[in-house]
Amino acid sequence: MSFFQDMFSIFKKRELLFLESHKESEDVYSFLFEKEKDLNWKAGQYGLFSITHKTIKNATKPFSVASAPTENIVKITTRISDDPSDFKKALLELKQGMKVKMSGPVGSFNLEDNSPSLLIAGGIGITPFRSILKQLEADGAGEQKQIKLLYLDAKKSYLYKDELEVIAKNTSTSVTYLDSRDDLQGEIDKFNALYKNNGKYFIAGPKSLVDSVSSYLQSNNVSKRNIKKDAFYGY
Ligand SMILES: Cc1cc2nc3c(=O)[nH]c(=O)nc-3n(C[C@H](O)[C@H](O)[C@H](O)COP(=O)(O)OP(=O)(O)OC[C@H]3O[C@@H](n4cnc5c(N)ncnc54)[C@H](O)[C@@H]3O)c2cc1C
C-alpha cells in the first residue's frame, strides 16, 4: 500500500460496532467488532482505534487487525496488565452495541510475492501474522509459498496455538515455538543459510525485540529492503 493510499485511508474514520470480547490467555484479550461491507484491509495491516464512550488521554492507539478480511469480522488482540492504561480500561468497559472509531487500515506489513518468507513474532506481535496466515489458508495459497513462522514467547503462553496448528496442517507453513533469543537466532541462521537475500523477513512485536532482530539480520548480510517491521510501542 502506497504512502498516498495510507494518507487517504488514515483520514477516513468510521465507527465500529462492538460485538464481544474474550480472554485468549491470562492477561490477553481479543475484542471483536462488526465488519461493515465497505471496510477492507490487506492481511497484516493495522488500524488506529479510538475510544469514544468516554473522554480519556491518548484515546487513539494503533492495533494490528488480527482477523483476516475473509473472516468478516474485525478482531484486535491485546495484553492488559493488572495496572492498565486508561485506553485498555476503556476497552474492558465496552458492552455489546457500544462503538469505537477506527481509521485506516494502513501499513505495508503484507506478504507481497512468493518469496520464501520468515515471519518472526515476539509475544503479542503474533497478531498481524494471525491475519496473514488465516488469509493464506482461506486463499488456498499456502502450497506455493515457503513460509516459516518463528514464535518467541519467554512465558510460553502462545496465543492462537490451536488455530496455528490447523493452518500449519492446511498449508505448507511451518510453525516453530521458541522461548529463548538464542534459539530464535539459531532458527534465523538456518533460514538465512538456505535463502540468504532471496528470502523476506517480517518481524513484529515489542520495539526492543524488533530492533534487535533487525540489527541481527543486517549484521548477517540481510539487506534492509528484505526486512519488514511492525514495532509495537508500550511493551
Ligand atoms: C503498527 C502497530 C501495531 C500494533 N498492534 C498491536 C496489537 O496487535 N496488540 C497490542 O497489544 N498492541 C499493539 N500495538 C501497540 C499498541 O498501540 C499499544 O502501544 C500497546 O498495546 C500498549 O498500550 P497501553 O495502552 O498499555 O500503553 P501505554 O499507555 O504506553 O501504557 C504502558 C503501560 O504503562 C502503564 N500505564 C499507562 N497509563 C496508565 C494509567 N493511566 N494508569 C496506570 N498505569 C498506566 C501500564 O502498566 C501500561 O501497561 C501496535 C503498535 C503499532 C505501532
Side-chain angles (χ1 to χ4, degrees), residues 1 5-81 84-111 121 123-141 159-164 166-167 170 204 230 232-234:
M1 182 131 319
Q5 274 172 305
D6 272 3
M7 285 305 283
F8 176 75
S9 95
I10 212 83
F11 287 116
K12 191 167 175 193
K13 272 202 175 177
R14 62 175 72 237
E15 289 198 308
L16 294 185
L17 190 66
F18 173 69
L19 299 174
E20 58 165 90
S21 62
H22 58 262
K23 264 190 166 189
E24 299 280 357
S25 72
E26 202 189 318
D27 57 351
V28 176
Y29 295 73
S30 283
F31 297 86
L32 305 181
F33 303 90
E34 189 175 85
K35 176 191 173 298
E36 288 169 3
K37 277 203 178 98
D38 67 333
L39 171 59
N40 288 301
W41 63 96
K42 274 179 93 174
Q45 286 193 301
Y46 66 96
L48 294 176
F49 291 81
S50 304
I51 296 296
T52 55
H53 66 271
K54 65 197 281 196
T55 305
I56 57 166
K57 265 193 187 168
N58 303 323
T60 301
K61 300 211 170 186
F63 289 93
S64 300
V65 181
S67 43
T70 41
E71 289 182 281
N72 248 338
I73 202 139
V74 177
K75 171 175 179 151
I76 61 172
T77 300
T78 190
R79 174 152 283 137
I80 305 188
S81 66
S85 64
D86 291 346
F87 186 97
K88 289 188 178 173
K89 275 184 205 149
L91 276 182
L92 289 174
E93 288 162 11
L94 288 172
K95 303 249 169 354
Q96 207 175 30
M98 287 166 74
K99 289 178 173 173
V100 299
K101 276 193 176 155
M102 174 191 161
S103 56
V106 282
S108 57
F109 200 72
N110 321 112
L111 293 184
I124 192 73
I126 193 67
T127 50
F129 296 130
R130 182 192 179 279
S131 174
I132 287 171
L133 295 175
K134 274 272 180 193
Q135 187 63 42
L136 197 77
E137 185 185 32
D139 293 344
L159 305 172
Y160 317 133
K161 196 168 182 196
D162 294 348
E163 291 178 302
L164 293 172
V166 173
I167 292 169
N170 291 344
D230 244 4
F232 295 5
Y233 297 87

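Because the structure is a prediction, the values reported are computed rather than measured. One is the number of the first residue; the rest follow in order along the sequence.
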Review point. Please walk me through it: do Y46 and I76 pass side chain to side chain contact (heavy atoms under 4.5 Å, CB included)?
Key: CA-CA 9 Å; Y46 66 96; I76 61 172; over 6 Å; no
**Study point:** Test side chain to side chain contact (heavy atoms under 4.5 Å, CB included) applied to D230 and S64, step by step
**Key:** CA-CA 9 Å; D230 244 4; S64 300; 4.0 Å; yes
Review point. Between T77 and Y160, does a side chain to side chain contact (heavy atoms under 4.5 Å, CB included) hold up when you go through it step by step?
Key: CA-CA 10 Å; T77 300; Y160 317 133; 2.7 Å; yes
Exercise for review: Check the pair V74 / F49 against side chain to side chain contact (heavy atoms under 4.5 Å, CB included), numbers first and verdict last.
Suggested key: CA-CA 11 Å; V74 177; F49 291 81; 4.2 Å; yes
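Atom CD1 of I126 sits about 7.0 Å away from atom CG of L133, to the nearest 0.5 Å. Atom CG in L136 sits 10.5 Å away from atom OG1 in T70 (nearest 0.5 Å). Between atom CD1 of residue I132 and atom CD of residue Q45 there is a gap of 10.0 Å, rounded to the nearest 0.5 Å. Here the CG atom belonging to N72 is positioned 5.0 Å from the NZ atom belonging to K35, to the nearest 0.5 angstrom. The structure places CG of D27 at 9.5 Å from NZ of K88, a figure rounded to the nearest 0.5 Å. In this structure, K99 NZ and R14 CZ are separated by 12.5 Å, a value rounded to the nearest 0.5 Å.
Taking each heavy atom of A204 and F129 in turn, the nearest pair found is CB-CE1, 3.9 Å. Residues G125 and F232 come closest through the heavy atom pair CA-CE2, 3.7 Å. Taking both residues in full, the closest heavy atoms of I124 and R79 are given as CD1-N, 3.9 Å, listed atom of the first, atom of the second, then distance. Contact record, V65 with G47: CG2-N, 4.3 Å, taken as the closest heavy-atom pair. Of all heavy-atom pairs between F18 and F33, the closest is CA-CD2, 3.6 Å. Across every non-hydrogen atom of E71 and A66, the tightest pair is OE1-O, 4.5 Å.
Put simply, the side chain of F31 reaches to within 4.5 Å of the side chain of L92, judged on heavy atoms. Two residues are said to be in side-chain contact when any heavy atoms from C-beta on lie closer than 4.5 Å; K134 and I167 meet this criterion. Counting heavy atoms from C-beta outward, Q96 and L17 have side chains that stay 4.5 Å or more apart. Looking at I56 and K89, their side chains never come closer than 4.5 Å, going by heavy atoms from C-beta outward. No side-chain heavy atom of D86 sits less than 4.5 Å from a side-chain heavy atom of I51. Side-chain contact check for L111 versus Q135: every heavy-atom pair is 4.5 Å or farther apart. The shortest distance between side-chain heavy atoms of L159 and S25 falls below 4.5 Å.
A salt bridge does not link E24 with R130: none of the charged nitrogens is closer than 4.0 Å to a carboxylate oxygen.
Side chain of S30 to main chain of K75: no donor-acceptor pair is present (N/O by atom type, distance under 3.5 Å, no hydrogens or angles). Judged purely by atom type and a 3.5 angstrom limit, K23 uses its side chain to pair as donor or acceptor with the backbone of E26. In this structure a side-chain-to-backbone donor-acceptor pair under 3.5 Å is present from S67 to I73.
The local environment of NZ in K101 is sparse, with at most 12 non-hydrogen atoms from other residues, nucleotides or ligands closer than 6.0 Å.
Under the side-chain hydrogen bond (donor to acceptor under 3.5 Å, both in side chains) criterion, Y29 pairs with no residue, sequence neighbours left out.
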